[in-house]
Amino acid sequence: MKIFSIVGARPQFIKLAPLSKLLSQFHEEIIVHTGQHYDYQMSERIFKDLGIRSPDIHLEIGHSNATVQITEMMLKLEEAMIEQKPDLIIVFGDTNSTIAGALIAAKLCIPIVHIEAGLRSYNRNMPEEVNRIVTDHVSRFLFAPTKTASDILKNEGLEEFTFLTGDIMVDTIRNNSKIALEKSNIISDLSLTENHYNVLTLHRNYNVDHPEILSHVLDEIGQLDEITIFPVHPRTKKKITDEYSVSKNIQMIEPLGYLDFITLESFAKRIITDSGGIQKEAYILKKPCITLRTETEWVETVEEKWNLLINPGKQTFFEEIASFKVPENQANIFGENVTIKMVEIINEI
Ligand code: UD1
Ligand code: UDP
């Protein structure tokens, strides 16, 4: 088959990496990059770290408001699909690149595989929530990462299209953990000691687009005893102006490559985040995770008591972070050998 893998944002490259390697052994896989993320550290660096070949088609859309961005993506994706006539489209996660790819493929009657299907936060203020619901309902093959996601799809009447495959990020991290430990010097470069620092990431609109929330979060994290390493997402960087007096306890750095970032996570005392992928990685790496959100799609990590949800608008919460302890054991939530399962299903199409 001729297959389009459509990606555009950092977490999608990370999900694409193991799939692309195996898929291209059986099929003509065309990697389409929409250009949604474009900084070297957010895009090319991740491709390099994970050994993903350069995109076959780069749409170079870049940033604008969501409506213009999705529309431009759709127009260029339509052109590419009409010209190349793919038999199957694969979309990942819940970004604007995901919904643009899914809508155009649906209009052109090309079957769609949705990787990371069935996630719901039930918070319609998240642009991602709308992207997911629409993508799930126009896709033909729904690859659910967890039992919860698979149950949600069944409850929405999508049972016949649902495959509980597990989460592909498990394979990315397993395939790269050893390579990261060999290649990354991030711990010595930042003069860090194992278990004596926190990792922080923030990029959700409801956290970073409200100055009062963002400054409150930074004030709280700055009161923790340990130093906090904060690779700053470009969205967040645009919001942290000179008016912010960020605590000396927080070390702001550029976004890291994947190998450096998973090394940083691996030796941290705890991980504080609002990212979806990082909540999963914290669990897989057996690190306490504090999620600065009122809800999560990864409910199992909370049920297993490895992930603590904190409302970032809460008056004070640094002591809650400091006292959060995780149990000794954890269940396998995200599965194993996920890529092989996915490719076997695709090979049967
Ligand atoms: C997007 C996804 C989000 C995902 C996140 C992963 C949507 C609606 N959101 O959010 O689901 O969790 O990616 O990181 O698709 N920017 C740069 N350089 C870059 C990338 C972005 O400067 O390489 C800037 C953009 O110009 C924009 C801001 O960051 O001002 C936000 O970028 P955008 O892609 O719209 O959304 P994210 O917050 O990155
Ligand atoms: N990540 C990275 N460098 C960083 C921060 C994160 O490579 O500086 C990786 C991280 O390992 C994870 C993914 O980016 O695999 C998470 O992406 P992000 O937080 O941007 O998006 P989300 O998962 O919330 O959609």
Side-chain angles (χ1 to χ4, degrees), residues 7-18 33-50 60-70 73 91-101 116 119 121 125-132 134-135 145 167-173 176-177 180 184 186 199-209 229-239 252-266 268 271-285 287 289 291-293 296-298:
V7 290
R10 175 171 66 187
Q12 297 173 321
F13 314 142
I14 291 162
K15 290 161 199 162
L16 171 72
H33 189 323
T34 63
Q36 181 173 349
H37 284 180
Y38 45 85
D39 290 350
Y40 176 79
Q41 283 295 103
M42 296 295 289
S43 177
E44 208 179 322
R45 172 71 190 265
I46 308 287
F47 273 73
K48 285 214 164 83
D49 270 16
L50 292 172
E60 292 178 353
I61 302 290
H63 183 69
S64 35
N65 78 49
T67 313
V68 176
Q69 190 180 48
I70 294 172
M73 283 177 189
V91 293
F92 302 77
D94 51 21
T95 72
N96 290 345
S97 303
T98 315
I99 191 174
E116 212 180 66
L119 294 198
S121 64
N125 291 324
M126 286 178 82
E128 293 84 358
E129 185 74 355
V130 177
N131 294 346
R132 296 170 182 141
V134 173
T135 303
D167 195 302
I168 196 153
M169 286 179 70
V170 167
D171 288 354
T172 315
I173 202 159
N176 289 284
S177 291
S184 172
I186 192 71
V199 176
L200 171 68
T201 80
L202 294 170
H203 73 273
R204 293 282 158 217
N205 58 341
Y206 39 72
N207 283 339
V208 305
D209 293 355
I229 308 299
F230 180 22
V232 185
H233 189 284
R235 179 190 197 110
T236 314
K237 191 175 181 182
K238 287 186 177 173
K239 306 286 174 181
M252 295 199 286
I253 57 174
E254 289 298 308
L256 292 171
Y258 181 77
L259 299 178
D260 281 340
F261 190 75
I262 61 169
T263 305
L264 192 70
E265 289 180 297
S266 302
I271 295 171
I272 308 164
T273 192
D274 59 12
S275 153
I278 294 170
Q279 290 174 64
K280 292 186 271 180
E281 287 172 349
Y283 190 85
I284 294 164
L285 294 168
K287 292 288 163 183
C289 184
T291 299
L292 297 175
R293 292 181 47 185
T296 179
E297 301 77 18
W298 306 104

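Because only heavy atoms are used, hydrogens play no part in the values below, and waters and symmetry mates are left out as well, while side chains stay in. Note that ligands are numbered from 1 as they come in the structure, with each ligand's atoms numbered from 1 the same way.
Asp260 places a side-chain heavy atom less than 4.5 Å from the side chain of Arg45.
No donor-acceptor pair under 3.5 Å is formed between the side chain of Lys15 and the backbone N or O of Met169. Of the possible polar contacts, one joining the Asp49 side chain to the Tyr258 backbone as a donor-acceptor pair under 3.5 Å is found.
Contact annotation for Gln41 and ligand 2: no heavy atom of the residue comes within less than 4.0 Å of the ligand. Contacts between Phe261 and ligand 2, counted as non-hydrogen atom pairs separated by less than 4.0 Å, involve the side chain only. Residue Thr201 does not touch ligand 2, judged by heavy-atom distances below 4.0 Å. Contacts with ligand 2 closer than 4.0 Å are made by side-chain heavy atoms of Arg204 only, the backbone lying farther away. No part of Ser43 comes within 4.0 Å of ligand 1, judged by heavy-atom distances. The part of Pro231 lying near ligand 2 is the side chain, judged by heavy-atom distances below 4.0 Å. The residue Lys237 has no part lying near ligand 1, judged by heavy-atom distances below 4.0 Å.
Asn131 pairs in a side chain to side chain donor-acceptor pair (under 3.5 Å) with only one of the listed residues (Thr95, Thr98, Asn96), which is Asn96. Of the candidates Arg10, Lys48, His33, Gln36, His33 is the only one forming a side chain to side chain donor-acceptor pair (under 3.5 Å) with Ser43. The side chain to side chain donor-acceptor pair (under 3.5 Å) test with Thr201 singles out one residue from Thr236, Asp274, Thr273, and that residue is Thr273. Results of the side chain to side chain contact (heavy atoms under 4.5 Å, CB included) test with Ile99 over Thr135, Val91, Asp94 single out Thr135 as the only residue that passes.
Considering both main-chain and side-chain atoms, Glu281 comes within under 3.5 Å of ligand 2 through a nitrogen or oxygen pair. Below 3.5 Å of separation, one finds an N or O of Glu128 facing an N or O of ligand 1. Taking any N or O of Ile262, backbone or side chain, none lies under 3.5 Å from an N or O belonging to ligand 2. Looking at ligand 2, you won't find any N or O of Ile14 less than 3.5 Å from one of its N or O atoms. Considering backbone and side-chain atoms together, Arg10 places no N or O closer than 3.5 Å to any N or O of ligand 1.
Distances from atom 37 (P) of ligand 1 to the heavy atoms of His63, Met126, Arg235 show the closest one on Arg235. For atom 18 (N) of ligand 1, the nearest non-hydrogen atom from the set Val208, Thr98, Asp39 comes from Asp39. Looking at Met42, Lys239, His37, His203, it is His37 that brings a heavy atom closest to atom 21 (C) of ligand 1.
Ring geometry for Phe47 versus Phe13: interplanar angle of 30 to 60°, hence tilted.
Salt bridge absent: Arg132 and Glu128 never bring a charged side-chain N and a carboxylate O closer than 4.0 Å. With respect to Asp209 and Arg235, a salt bridge is recorded, a charged nitrogen being found less than 4.0 Å from a carboxylate O. For the pair Asp39 and Lys237, the salt-bridge criterion is not met [side-chain N within less than 4.0 Å of a carboxylate O]. Using a 4.0 Å cut-off between a side-chain N of Lys or Arg and a carboxylate O of Asp or Glu, Glu116 and Lys280 qualify as a salt bridge.
Scanning all protein heavy atoms for the shortest distance to atom 16 (C) of ligand 2 gives Ser275 OG, 3.8 Å. The protein heavy-atom contact nearest to atom 23 (O) of ligand 2 is Gly277 N, 2.8 Å. Looking at atom 3 (N) of ligand 2, its nearest protein heavy atom turns out to be Leu256 O, 2.8 Å. Protein heavy atom in closest approach to atom 20 (O) of ligand 2: Arg10 NH2, 2.9 Å. Atom 25 (O) of ligand 2 has Pro11 CG, 3.4 Å as its closest protein atom, hydrogens excluded (heavy atom only).
Counting atoms of ligand 1 from 1 in the listed order, those under 4.0 Å from a heavy atom of His233 are 14 (O), 37 (P), 38 (O), 39 (O). With ligand atoms numbered from 1 in the order given, ligand 2 contributes 15 (O) to contacts under 4.0 Å with heavy atoms of Met169. The Pro255 neighbourhood of ligand 2 comprises atoms 8 (O), with distances under 4.0 Å to a heavy atom of that residue. Every atom of ligand 2 with a heavy atom of Tyr258 under 4.0 Å away is listed here by number and element: 7 (O), 11 (O), 15 (O). Atoms of ligand 2 lying under 4.0 Å from at least one heavy atom of Ile46, given by number and element, are 7 (O). Short contacts between ligand 1 and Arg204, defined as distances under 4.0 Å to a heavy atom of the residue, involve ligand atoms 11 (O), 12 (O). Shown in contact with Asp94 at under 4.0 Å from a heavy atom are these atoms of ligand 1, numbered in order with element: 11 (O). Interface of Lys238 with ligand 1, defined as ligand atoms under 4.0 Å from a residue heavy atom, comprises 24 (C), 25 (C), 26 (O), 27 (C), 30 (O).
Within the 4.0 Å heavy-atom shell around ligand 1 one does not find Gln41.
Aromatic rings of His63 and Tyr38 (six-membered ring for Trp) have centroids beyond the 6.0 Å cut-off, not under it.
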